[in-house]
Structure formats: C-alpha cells, structure tokens
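The structure appears right after this line, and notes come after that.
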Amino acid sequence: MSRLPTWIGQHLAAVRAIIVLTLITGGLYPLLVLGIAQAAFRNQANGSLVTYNGKVAGSSLLCQEFTDPKGNPLPRYFQPRPSTAAAPGSKTGFGCDPNYSGASNLGPNNPALLKNVQSYKAAYAAFNRVPPSAVPPDAVTTSASGLDPYISPQNAADQVNRVAAARRLPVGEVRSLVARYTQSRTLGFLGEPRVNVLLLNIALDKLSVTSGG
Amino acid sequence: MATTTPARPPAAAGKQAPAEPHRIGGGLLDPKILWKSLPGAFKKLDPRVQVRNPVMFVVEVGAVLTTYSAITSSTRVPFAWTITVWLWLTVVFANVAEAVAEGRGKAQAATLRRTKRETMARRLTDWRPGREDAREQGVPGTELRLGDHVVVEAGQVIPGDGDVVEGVASVDESAITGESAPVIRESGGDRSAVTGGTKVLSDRIVVKITSKPGETFIDRMIALVEGASRQKTPNEVALNILLASLTIVFLLAVVTLQPMAFYSGAPQSIVIMVALVVALIPTTIGALLSAIGIAGMDRLVQRNVLAMSGRAVEAAGDVNTLLLDKTGTITIGNRQATEFLPVGGVQVQELADAAQLSSLADYTPEGRSIVVLAKQGFGLRQREEGELPGAEFVEFTAQTRMSGVDLHDGRQVRKGASSAVREWIRQSGGTPPEELGQMVDGISAVGGTPLVVAERANGTARALGVIYLKDIVKEGIAERFAELRTMGIKTVMITGDNPLTARAIADESGVDDFLAEATPEDKMELIKKEQSGGHLVAMTGDGTNDAPALAQADVGVAMNTGTSAAKEAGNMVDLDSNPTKLIEIVEIGKQLLITRGALTTFSIANDVAKYFAMLPAMFESVYPGLRHLNVMGLHSPTSAITSAIIFNALIIIALIPLALRGVRYRPSSASALLRRNLWIYGLGGLIIPFIGIKLIDLIIMNIPGIG
Amino acid sequence: MSGSVAGFLQAGLLVLALAVCHRPLGDYIARVVTGDRDWRAEKAIYRMMGVDPRADQRWSVYLRSMLAFSAISVLAVYLFERIQGHLFLSNGMPGVTPDLAWNTAASFTTNTNWQNYSGETTMGYLTQMSGLAVQNFASAAVGIAIAIALVRGFARSRTDRLGNFWVDLTRITVRVLLPLSVIGALILVAGGAVDNFTATHVIHTLTGSSQNMVGGPVASQEVIKEMGNNGGGFYNANSAHPFENPNPFTNWFEIFLILVIPFSLCRTFGRMVGDNRQGYAILSVMVTIWVASAALVSFFENSHAGTALRAAGAAMEGKNVAFGIPGSSLFAASTTVTSTGAVNSFHDSYTPFGGAVLIFNMMMGEVTPGGVGAGLYGILMLAVITVFVGGLMVGRTPEYIGKKIRPAEMKYAALYVLATPALVLIFSGLALAFRVPRESILNPGPHGLTEIMYAYTSMANNNGSAFAGLATNTTWYNVTGGIVMLLSRFAPMIFVLALGGSLAKQQTVPVSVGTMPTHKPLFVGMVIGVILLIVGLTYFPALALGPFAEGLH
C-alpha cells in the first residue's frame with residue numbers, strides 16, 4: 001500500500017474501515033443486543049403484545065380503533081385519540097395503522113387544523129353527551145405518532161357514562177375500572193397521568209363477560 | 001498640531017522627570033483639518049481606491065444602485081433621494097475620517113521635506129583611515145552610493161545617513177528630533193551615526209554613507225508619517241476578515257429576504273433593500289478602521305518615536321517582558337555622590353574640599369556630582385582650573401584608576417577605586433586605616449560605589465575618607481512598574497553592575513527581575529529564553545553590540561543617538577533617545593487595539609436597534625402584528641428607514657474624534673479593562689442607536705415626503 | 001403534584017444525572033483519545049483497515065482520511081438502499097429510488113438524519129441495521145474525532161500533527177460508543193422498546209379488525225440515534241413511536257442520552273488543554289442556552305397560542321399523552337440544541353413562538369451543546385470570534401487557551417461561521433423563489449415560510465428534525481437537501497481542521513494578568529452574547545416573516 005498514491009491509499013483504508021465497522025457496529029453489536037433482549041426481555045422486545053382469550057389482541061403500546069367496519073366508533077369501548085396513522089386515502093376511523101405512523105403536521109393557526117379540532121370536538125361532545133367546552137384537549141388533537149395508546153384521565157372520565165350505558169354496567173363499576181387502569185406519573189413526576197385504552201377495553205370486555213353482559 | 005513650525009515641539013518627555021506617569025492623550029479634531037481633508041475624501045470615492053475597504057465599497061455600490069433607482073423611479077421620490085444622499089454621505093464621512101488621519105501626517109511630511117533640500121556632497125574618492133590628502137569631488141547628494149565617503153564641515157548639511165569615520169563634530173539634529181541643542185557625533189563608539197539632512201555646526205567629519213538614496217532616514221520618516229508605506233497590521237487584517245464575513249452574511253440575509261418578501265406579499269424596493277444592507281453591515285468600524293491605525297502611528301510620532309511598521313506597534317501591545325537598561329531608564333543617568341564619609345579624625349569639610357579638588361578636571365557625570373555635592377552640602381564654591389596656578393591635573397586612566405591633582409605646593413590629592421588609592425597610599429609611605437576597608441565594604445554591600453580620597457602632603461600619604469556614589473532611582477518608577485505588573489508585563493533590569501549592586505537597585509526600584517554583569521550575549525540569551533517560553537520581549541538599545549538583541553526582540557527600540565547598526569536592527573527609533581519611553585510605546589500599542597475592539601463591538605451592537613427600526617417599517621403592511629417590533633414608536637415606515645440611515649452616517653462623524661484620539665486607556669488588568677469596555681461600547685452600542693434613531697425620527701417626521 | 005412541578009422535577013433530575021455523569025465520561029473520553037495503548041481488538045481492526053495506528057497525521061492528511069471515509073460511507077449507504085430488495089432481512093422492501101437514496105445516504109453520513117422517507121414502509125431491517133445505524137456510529141465518531149483534533153491544536157505546541165483519524169474513529173467507536181450503546185439499548189428494551197427481526201405482519205384487534213404489527217432491530221438503533229445525536233428514526237414517527245420510546249421513563253432516558261456526550265466533551269476539552277475551568281466556561285454557555293430554550297419552549301407550549309390550539313384547549317396537537325407538554329418541550333428543546341433531530345412530538349404543530357425557539361436553537365449552529373463533537377468544535381469557533389473581539393478590547397493580540405488569533409486563525413473561524421448561514425439563506429431563498437419547492441408547503445401563510453426555513457436550517461445544521469408539513473420527498477428537496485447537508489457538514493470541518501493545524505504550530509503563550517480570562521462568567525456571558533447577536537442579526541428578517549408574523553397580532 002505504501003507504493004500507492006496517498007489518496008488511493010486513503011480510500012482503500014476507508015473501504016476497509018467501512019467494512020470492518022459495518023461488521024462490528026452493524027452486525028456484532030445489533031445481534032448481541034437482540035440476543036440479550038430476546039433472552040432477557042422477551043415480552044418487551046417483541047412489542048409488549050397482549051392476549052385476550054389466548055389470542056394476540058394487539059400491543060399495549062399501540063392504539064387501536066374501536067369502530068364498526070364502517071368506521072363509526074363503538075359506544076361500548078373507550079375511544080382513543082384521533083389518529084392520523086392511516087393508509088393514504090383511507091377514511092376517518094381507520095387510523096392507528098403502525099405502517100403509517102406520524103402526525104398531522106398542521107400548524108397552530110392552520111384553518112384546516114381549526115376545522116379538524118372543531119369537528120372532533122362536536123363529534124366527541126355529541127357522542128359522549130358532554131358540553132363542547134368541556135371536551136378535553138387530547139380528545140380533539142391527533143398525537144405525535146398517530147399510535148398513542150393513551151388518553152388523559154379526563155378524557156376517560158368523560159367517556160365513562162356512555163360506555164356504562166352501552167354495556168349496561170353500573171357507572172361506578174366502570175369508573176373504578178378506569179381508576180384501576182389510570183397510570184400516574186412514573187416516579188411521581190415523569191410524564192403525565194394516563195389511561196391505556198386497549199388494556200382498559202380488554203378489562204372491560206372481561207368484566208362484561210363475568211357479569212354476563 | 002503645529003504645521004508650520006518644526007515637525008515636533010522640543011520633546012518634553014526626556015527632559016522632565018520622566019517617571020511622571022505620562023497619560024496618553026492625542027490630537028483633537030481640528031475643524032480646519034476637517035475642512036482641508038474634504039477634497040481628499042471626495043477623491044477617495046474612486047471605486048479603485050474604495051475597493052480596498054470592502055465594507056465601504058459595498059456602501060458605495062449600494063449608493064450607486066439607489067442613485068439609479070432614485071433617478072428612474074416615479075414613486076416616493078423624496079424618500080429615494082434622501083436615502084441616496086445619506087448613503088453617499090456615509091461613504092464620504094468614512095473617507096473624511098481617513099483623510100483627516102492622513103492629513104495630520106501629511107503636514108508633518110511637508111515640514112520634513114523642507115529640510116530635505118538638495119545638497120551637494122563632497123565625496124572623497126580614495127579615502128582611507130588616516131589619509132589627509134584624499135581627492136575631493138562635488139556630487140549631488142542623490143548620487144551617493146553605499147560605502148561612499150564624504151567630508152562635511154561646519155555649516156554644511158550632511159548629505160546622507162552614515163557613520164562618522166573620522167573626526168568629531170557638533171551636529172544640529174533639530175530637523176529630525178525637534179531638539180535644538182546640538183549633539184556630539186564622533187568616530188568610533190556608539191555616537192557615530194549621523195542622519196542626512198542634519199547640519200554640522202563645528203569641526204569637520206568624514207562620513208561613510210550607509211543608506212541608498214531615497215531610502216534615507218528622512219525618506220523613511222516622510223513615508224511613515226504620510227502613511228504611504230502603511231501596510232495593514234496582522235490584527236487589522238484579522239479584523240478585516242471578520243468584518244468582511246459579517247458583511248457577506250448580512251448581504252446574504254438581505255438578498256435572500258427578497259424571495260421571502262415576495263412569498264409574504266411585500267416585495268421591497270431596491271432603495272429599501274440597499275438601506276437595510278448598509279444599516280446592517282459594520283459601517284461604523286469599517287469607516288474608522290484605517291483612521292484608527294493611522295492615528296495610532298501618529299500618536300507614536302507625536303512622542304518622537306518612529307515605528308518602522310504597524311506590526312511593531314501592535315507587538316508593543318502584546319509585550320510580556322520589558323528589558324530595561326538600568327542607566328537612564330531606572331536610574332537617573334549615572335551614579336551620583338550622596339555622602340562624604342571621613343576616616344581617622346579627618347573633618348568632613350576637609351574631605352569635601354579634597355574631593356572637590358580631585359574632581360575639578362573629572363568631567364564624568366560622577367565627577368561633576370562630587371563637585372555639586374561639595375557645593376550644595378558644604379558651601380564650597382566650584383573652583384576653576386585656572387584658579388589654581390601651577391596645579392597639574394591627573395586624569396583618570398584605566399591603568400591608574402585614579403584621578404586627582406598635584407598642587408603647586410607639592411600637595412597631591414587623589415580619588416579613585418578603593419584598591420588603587422590604597423595601593424597609592426602604601427607606595428607613598430602611608431597606611432590605609434582599617435576603618436577605611438570596612439567603610440568601603442559597607443557601601444559596596446548596599447549597592448553603592450565607594451571612591452576613596454587620599455592626599456600626600458609632606459611626603460606621607462593618608463586616607464581622608466570615602467565618597468559614597470549612589471545610583472539614584474528615578475522618582476515614581478516603582479509605581480510605574482507596579483502599573484506594568486497589573487497589565488501583566490514583567491520588567492527586567494539590565495545592568496553591567498555586579499549582582500550585589502544590581503539587587504539593591506532592583507529592590508529599590510521594584511523591578512521584577514534583573515540581569516547583572518550583563519554582556520550583549522547575556523542579553524540575547526535572555527531574550528531567546530523569554531521568547532521560547534512564548535513571551536514577547538521589548539527592549540531598548542543604542543550600541544552596535546546591541547544590534548543582534550534589538551533584531552531578536554519583538555519590539556526593539558533604538559535610540560536615535562545610537563549607531564546606525566542599532567537603528568537598522570530595531571523596529572522603532574526613539575528620536576529623544578529616552579529609554580523610559582518603552583512604557584509609553586506599550587500603552588500606545590494597547591490603546592490602538594482597544595480602540596479597534598471597542599468600535600467593532602459598538603458597530604455590531606448597533607444593528608439591533610436598526611432592525612427594530614427597519615423591519616416593522618418594511619413589513620407592517622402585510623403583517624400588522626409586526627408593529628409590536630416598532631418599539632421606538634417611529635412615525636412612519638419611510639421616516640423609520642431614513643432615521644436609521646441618517647443615524648448610521650452621523651455616528652461615523654461623531655466617532656471620528658474617538659478614533660483619532662483612541663479610547664481612554666488606563667493600565668489595569670485584562671478583566672477590568674474588558675468589563676469597562678464591554679459596558680461602555682457593548683451596552684452603549686446597544687442603547688445609543690435606539691435613542692439616536694428616535695431623536696432623528698422626531699425631527700424628520702415633519703419633512704413632507706418622508707414623515 | 002401539579003404538572004409544572006413535575007416538569008421542573010423531570011428537568012432537575014436530568015440536570016442532576018448529567019452533572020453526575022459528565023465528569024467521569026469526559027475524563028474517560030480524554031483518556032481514550034490521549035492514551036497510547038491499543039486494545040488487542042483495536043490492533044486487529046487496524047490490521048484489517050490496513051492503517052498504521054502510530055502515524056501522527058498533519059491536519060491535511062487527517063482531513064483527507066476523514067473525507068475519504070465519509071465519501072465511501074455515502075457510497076456504502078447508497079448501495080445498501082438501492083439493492084436492499086435483494087438482501088436478506090429486507091422486510092419485503094424494494095430498492096429505494098435514486099434521489100431518495102442519495103438524500104438519505106448524505107443525511108446519515110453527515111449526522112443529519114433528515115428523513116424524506118417513512119422507515120416502516122421504505123427501509124428493510126438490514127438497511128437500517130447495517131447501513132443506516134453504522135453511520136449513526138461512524139458519523140458520531142467522526143464528529144468527536146474532528147473536535148478532538150481541534151482540541152489537540154489548542155493543547156499541542158509547535159507541531160504540525162493532530163493525531164490519527166483512524167485511531168480516533170476506532171477508539172471512539174469501540175471504547176465509547178459501543179459499550180454505552182449496549183447498556184443503553186438494554187435499558188430501552190427493558191422499558192419496552194422493541195428489538196426483533198419479526199417482519200411486518202397482520203394481527204387481529206380486540207374488535208376483530210386487522211392491524212399491521214411492525215418490528216425490527218429498533219432498540220440497538222434507537223440508543224445510538226440519540227447518543228450519537230443522529231436522530232434518524234427507525235419508524236416515521238421517530239421517538240414519538242411507542243416502539244422506539246414507549247414511556248415517560250424511556251423518554252427521559254433518551255433526552256439524557258442526547259445530552260450526555262455533548263456536555264461531557266466540555267470536560268474532555270478542559271482536561272486535554274490542561275485547564276478544567278476552560279471546559280466549564282464552555283459548558284456554562286451550553287447549559288445556559290439549553291435551559292433557557294427548554295424553559296421558553298415549555299412556556300410557549302403551555303400558553304398554547306394559535307387559533308386551532310386555542311380551540312383545542314391545549315397545545316396537544318402532535319404530542320403524545322404519556323409525555324405531555326413538559327416531556328415534549330424538554331425533548332424538543334434538547335433535540336434542537338443538539339444536532340439530534342429525533343422528535344417525540346411534531347414541531348410543525350408547535351405554537352408560533354415555541355416553534356421559533358426550536359428553529360432558533362438550530363440557527364445557533366448546533367453549539368449548545370450541539371452535535372457530538374460538532375457542538376464542541378462549533379462553540380470553540382464561536383469562542384475564537386468572541387475572544388477576538390474581546391481580546392482587542394483588552395489591548396492585546398487576542399489569544400485563546402494560549403493560542404493567538406491571527407489572520408490565519410480568524411480566516412478559518414470566519415469561514416466556519418459564514419458557511420452554514422450562507423447555505424441556509426441561499427437555499428431557503430431559492431426554494432421560496434421557485435414554484436415547485438413552494439408547492440411542497442402544507443401550511444399557508446407565514447407558517448409555510450417557517451417550514452422552508454426550518455427545513456434548510458435543519459439540514460444545514462445537520463440536525464434533521466423537521467417542520468414535517470413540508471412534503472420533502474421530491475426531487476428538488478432530495479437533491480438540494482443532499483448537497484446542503486454534505487456541504488454544511490464537511491466544509492466547516494475543513495475549516496476546523498485547518499484552524500487546528502494552525503493552532504498546533506503555534507507556541508503556547510503563557511497566561512498573565514494581561515491575558516483576557518476565558519474561564520470567568522464575563523466570558524461566558526460574552527460568548528452567549530456573541531452567539532445570540534450573530535444568529536439574531538443573521539436570521540432576524542426570516543424569523544420576522546415567519547414565526548413573528550404568525551405569532552404577533
């Protein structure tokens with residue numbers, strides 16, 4: 001190599017360097033992490049999947065739509081936040097598609113966003129029979145990922161009456177279920193209090209089954 | 001500034017008690033000079049000249065653009081013309097600043113030129129040392145070549161720079177130094193250099209020419225004070241790079257603003273875009289930068305120091321170590337007699353009398369000081385040589401190391417080095433008393449120089465006592481050194497004395513360090529050692545053997561009395577030959593840099609206010625919310641933009657005196673200086689334009705077509 | 001506990017953790033790059049690379065090695081993307097189109113990680129893991145190496161050698177990035193980040209409808225994406241995606257990862273120049289601006305200005321419930337003051353002034369604390385400018401860490417400071433001047449202008465976050481973006497190394513009371529002032545027509 005011109009020598013070294021680094025940081029390293037992760041944190045490493053009746057029912061980290069085939073929200077279920085994670089061209093109500101994670105990217109003064117917020121608000125108010133002024137913000141805005149599995153405790157509380165009515169369950173029972181599935185801040189100060197919609201709805205289905213609903 | 005009388009008034013610095021802290025002042029802005037420099041300012045509008053100053057060149061190009069735009073546009077004509085006129089004024093003001101600074105030098109150069117008359121030289125074609133009958137040939141001074149020998153006699157002007165190789169003469173150097181008292185120039189030694197253009201007053205000398213025609217000292221002086229050979233100094237170049245890059249950034253910010261303005265539905269006219277560029281680019285410092293540099297050199301010239309390059313002036317500001325010759329810088333000239341100490345029952349009066357007698361023919365400064373002490377302390381009138389008929393004076397020689405007098409009555413008086421005089425006493429049959437030895441040792445131990453006085457009368461010699469010669473440390477020098485310490489500059493005293501004496505003087509004067517029994521080689525060694533530690537070293541010197549050290553030092557100040565080798569080696573020449581001036585030179589160097597830094601800070605900080613004036617004015621029509629940025633509450637968009645531009649031009653004129661005078665400098669630590677200058681020029685630069693622009697707006701809002 | 005108290009505690013714990021970690025990590029990095037012993041594994045690597053680890057390089061050779069490595073890197077990533085359909089673990093993805101592959105290759109090699117694609121539908125697992133993630137390591141190591149070379153320029157005296165690029169690259173990767181990544185990745189997996197090779201498949205939800213289930217080797221890439229200040233998300237939603245950043249703890253931990261190396265490098269700097277106080281002065285500048293940014297973003301987001309956000313009742317558009325406004329604001333400020341560009345919330349939907357702070361963070365040139373390495377060398381360049389102006393004001397040729405700032409040094413610093421704004425302004429101006437790039441704007445009015453400004457500011461500062469409303473997977477943005485990212489990464493590096501070379505040649509000047517102190521609060525204030533002033537003045541018009549026009553009524 002010493003006989004080659006310097007610039008060729010350097011590029012040869014660069015090619016070899018890329019190969020070596022790819023083997024180490026793009027081969028050995030991820031495989032090592034993957035191996036340990038699969039051995040030690042199998043559940044988390046595979047997407048924190050939850051099962052219902054022995055079948056995988058989704059990931060506790062990803063939202064799901066609780067709609068009928070036409071995309072109308074089912075009153076029996078707590079509803080997640082509006083989602084923009086949908087295949088291009090799909091109708092509303094078919095969000096929460098992990099293949100299309102992402103946000104609306106609408107600006108704070110964008111009339112389109114204002115229109116969305118207003119229509120979400122009207123729909124939410126009508127669906128849950130709450131005054132439009134009381135609709136919680138997370139219910140009328142889309143999340144950053146379109147896959148937000150959580151809603152705010154206020155959002156959940158506002159849906160309790162409607163869910164209880166649809167399932168013919170005592171309001172108090174649903175409310176205490178919500179309370180049980182409300183996560184407080186990690187360590188008391190990290191993040192925000194929140195309710196995992198999928199886990200709550202699974203618990204709700206289980207409750208309905210046991211109480212014969 | 002005197003423009004008709006000799007270039008410089010007789011220099012005061014060297015004559016007064018030099019340790020008197022000498023604050024740097026500077027010339028004031030004389031309205032007459034301002035007026036005189038106007039034509040020069042307009043001449044500099046030539047783009048070929050202007051392009052050398054990138055910031056102002058951009059303004060000039062902008063002014064051309066707005067002129068074109070003002071001529072062709074039909075809307076908002078008064079506004080366009082107002083901006084155009086003020087942009088041109090901005091360029092002119094910048095040129096005025098430079099022209100004024102140069103003007104002061106030009107006046108001096110004119111005076112110097114008058115002294116540089118065409119002289120006929122009497123060239124000796126085949127001169128050799130000792131040869132009296134060399135052939136003489138008359139040639140014009142301009143035709144002298146290196147190595148030619150010329151003869152100059154009383155009343156004639158020396159035709160070129162050179163060294164005296166034969167004879168001794170008194171020379172009037174007032175044309176160069178402004179000092180009217182003649183000086184002695186003689187062959188050999190350290191006082192051999194003569195300068196072309198000076199006049200021989202007495203006697204005859206042969207001079208070997210050491211400069212080419214057109215490159216004589218006077219030629220260089222003229223070039224220097226005129227600024228003709230002015231090259232940008234490293235810091236100035238670095239600052240120019242910064243200013244140029246800021247100019248490019250702001251130019252880009254404004255050019256790319258146009259597509260944004262189009263997108264926003266408010267495209268801007270050429271006039272406004274140019275106005276914004278000019279307001280943002282650092283015109284204040286750009287306009288004053290060269291004036292600051294010229295004025296800095298000028299401040300040195302006014303102190304009778306010629307810096308061969310601006311680089312040297314800047315280096316002076318950076319100096320970490322000052323090498324100061326003891327004699328003349330730290331102590332007053334030479335040692336002085338301060339006390340007569342009699343031995344063995346001799347009366348003081350008797351000793352004083354003998355000491356005076358022995359010193360009558362001793363014309364060294366030490367000898368004179370003995371006579372003076374005898375007169376002041378003991379009322380002994382100085383006797384003239386002629387008053388003592390038959391007296392025979394014995395001069396000091398290196399062999400005898402004594403001087404004295406043999407009186408007609410046979411009495412012999414001697415004074416001199418202790419060992420020599422004691423030996424003389426013994427040879428003359430006397431015995432030096434024990435007491436004498438102790439006294440001599442005691443004086444040496446505290447750094448003084450003892451001279452023993454003895455007499456021989458009636459065949460036997462006896463010691464009379466000791467004269468205590470002492471180095472007199474200049475008054476106030478300790479404070480000066482303390483000041484230098486706060487500036488972070490170390491002082492080193494250079495002396496040929498023994499370490500004991502050196503230590504005593506060092507302690508008394510407060511100098512940080514000393515180099516005793518210094519040879520030129522030691523000096524060189526010390527400079528190299530300091531430099532290898534990353535220090536910048538300044539020194540003064542005059543002898544030929546100082547030349548290598550002067551060349552090695554970062555700032556080498558040669559004394560004008562010195563040899564031409566020394567003057568050639570140094571990068572500054574002090575025409576007053578006052579070594580204390582080194583301290584002032586350092587201060588001037590610092591002040592020059594501070595002025596540049598302060599005005600740069602001021603200039604950039606100014607931009608904030610200009611944005612707040614101009615941006616709302618430009619875009620309020622499409623985004624009314626931007627009116628909240630109009631914090632000054634300016635009257636209208638046109639008045640706002642005009643006010644910013646007028647302020648931008650006027651601030652240049654307002655700061656010319658500061659640029660010429662330099663910002664106030666007071667020796668203190670870097671932290672203190674920085675804090676002070678940041679407050680004044682940083683915060684001031686932020687606030688002043690808000691006030692200034694508002695005031696201008698209040699005035700021009702009433703002008704139709706603008707308000 | 002109220003939300004704001006929790007927010008303060010969250011930030012406070014972050015400061016505490018960084019304060020605890022920066023010293024050992026900074027000292028460790030200093031030892032890694034100054035030690036003269038090679039690990040056995042490293043010797044093997046040098047043999048495979050075919051380089052002599054003992055060869056001390058001149059700045060120009062160091063530069064050529066770095067440029068050669070980066071050029072080959074662009075090529076390697078480009079090829080990976082183009083042929084991924086034929087490789088295993090492709091997850092069914094075909095080759096990437098040429099313009100997008102070019103943009104992405106440039107983007108990852110330059111530590112920008114601007115993404116004109118959505119990971120889950122464009123990139124196969126192998127491309128992500130062995131193409132893109134390799135550059136996450138390499139570009140981070142290159143950034144640190146260049147910073148170290150500059151610091152050597154300050155630390156060394158009378159030499160023309162700045163170290164060996166291949167050794168720096170290898171040691172930083174092997175001894176710093178890899179071990180930390182393994183630990184960090186496992187913490188993230190334990191928190192819920194996924195790490196598997198399961199291809200995208202369909203599952204049935206509770207209601208019986210189908211949902212795509214995604215996977216991939218995410219955690220191993222996520223950790224270096226944050227720690228190396230890369231920011232390229234495995235998925236389109238980046239760190240907002242629950243599989244990348246599942247809960248408030250991982251969110252906090254990712255912010256910590258983003259900041260830990262850039263802050264620690266100040267300690268490394270102080271250590272290497274033999275005066276820790278110098279490192280702390282620089283650190284103080286960075287921390288001050290970072291804290292101020294985070295506080296301002298939180299303040300503006302809490303005030304939820306903007307018609308749509310007012311109607312919603314809170315600035316929750318584009319934010320996840322679990323992180324809320326404090327966790328999103330802190331992340332957003334941290335990802336923009338560093339050159340990370342990962343996002344856990346979408347900046348386009350931020351309030352006008354909240355978004356303005358984010359764009360301003362990047363405009364400052366990514367120096368507070370900036371990208372790994374890039375932040376340190378960037379702020380040192382600005383410190384040089386500050387020292388120059390300040391040094392003149394104390395009446396000496398300005399000097400920094402014992403080195404004089406003369407015309408040559410000034411030239412490199414000035415060119416450095418000039419390069420990025422020039423690219424931002426020229427390309428934003430061009431994009432706004434032409435119809436085609438203008439059509440990519442999603443949001444009307446001044447917000448649209450901000451989107452374009454944000455895009456080029458992000459690319460030219462190698463950040464990579466986006467006002468993602470701008471549709472940038474177009475030929476125009478792919479091509480110009482690639483050019484901007486490469487120029488803005490490597491042109492400044494040339495000036496940095498040139499400066500390092502010229503500093504190393506200088507004799508170190510001893511400090512005296514006449515030297516302007518560069519370790520005191522006054523200097524810290526001056527550097528902050530210079531940064532704010534230069535950036536403010538450069539971008540004020542653009543900001544006035546973007547966020548200010550939108551936010552002021």
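Protein chains get the first letters and strands the later ones, always in sequence-line order, with residue 1 at the start of each. Below, all heavy atoms of this structure are taken into account, side chains as well, without hydrogens, waters or symmetry copies.
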Just by distance, do the side chain of [X] and the backbone of [Y] share a donor-acceptor pair under 3.5 Å?
X	Y	answer
C:S349	A:L106	yes
C:D195	A:A45	no
C:N443	A:N105	yes
A:Y29	C:L178	no
C:K319	A:D138	no
C:S220	A:P30	no
A:E192	C:V321	no

How far does [atom1] of [X] sit from [atom2] of [Y], to the nearest 0.5 angstrom?
X	Y	atom1	atom2	value
C:F69	A:R16	CZ	CZ	14.5 Å
C:D348	A:N110	CG	CG	9.0 Å
A:L21	C:F137	CG	CZ	10.0 Å
A:R81	C:N320	CZ	CG	6.5 Å

(message) Run A:Y77 and C:L206 through side-chain contact (heavy atoms from CB on, under 4.5 Å) and show every step you take.
(response) CA-CA 10 Å; A:Y77 287 112; C:L206 199 58; 3.8 Å; yes
(request) For each of C:G327, C:G215, C:A311, tally heavy-atom pairs with chain A at distances under 4.5 Å, and name the one with the top tally. (result)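 Sorted descending by pairs with chain A, the first entry is C:A311.
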(request) Output the option from C:A138, C:A314, C:A219 having the highest count of non-hydrogen pairs under 4.5 Å with chain A. (result)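 Looking at each option in turn, the highest pair count goes to C:A314.
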Heavy-atom distance under 4.5 Å to chain C: side chain of [X], backbone, both or neither?
X	value
A:V20	side chain
A:I19	neither
A:N116	neither
A:Y150	both

Which atoms of [X] are under 4.5 Å from chain A, going by heavy atoms: the side chain, the backbone, both sets, or neither?
X	result
C:L132	neither
C:F165	neither
C:S65	both
C:A305	backbone

Side chains of [X] and [Y] in contact at under 4.5 Å (non-hydrogen atoms):
X	Y	result
C:H447	A:N109	no
A:P137	C:H304	no
C:V189	A:R42	no
A:F66	C:T205	no
A:Y100	C:N236	no
C:T307	A:P108	no

(request) Could you walk me through whether A:L32 and C:V182 pass side-chain contact (heavy atoms from CB on, under 4.5 Å), step by step? (result) CA-CA 8 Å; A:L32 175 73; C:V182 172; 4.1 Å; yes
(request) For C:F8, look at atom CZ and say whether over 12 heavy atoms of other residues, nucleotides or ligands are found less than 6.0 Å away. (result)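 Counting other residues, nucleotides and ligands, CZ of C:F8 stays at 12 neighbours or fewer.
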(request) May I have the step-by-step check of side-chain contact (heavy atoms from CB on, under 4.5 Å) for A:Q64 and C:Q211, ending in yes or no? (result) CA-CA 8 Å; A:Q64 293 184 357; C:Q211 185 181 31; 3.7 Å; yes
(message) Do C:E317 and A:T142 pair up side chain to side chain, a donor and an acceptor below 3.5 Å, judged on atom types alone?
(response)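 Their side chains do contain a donor-acceptor pair, which is all the 3.5 Å distance test asks for.
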(message) Set out, in order, the CA-CA distance, both residues' side-chain angles and the distance that settles side chain to side chain donor-acceptor pair (under 3.5 Å) for A:N99 and C:E120, then state yes or no.
(response) CA-CA 6 Å; A:N99 248 359; C:E120 53 265 50; over 6 Å; no
(request) Check step by step if side-chain contact (heavy atoms from CB on, under 4.5 Å) holds for A:S101 and C:S118. (result) CA-CA 8 Å; A:S101 68; C:S118 139; 5.8 Å; no
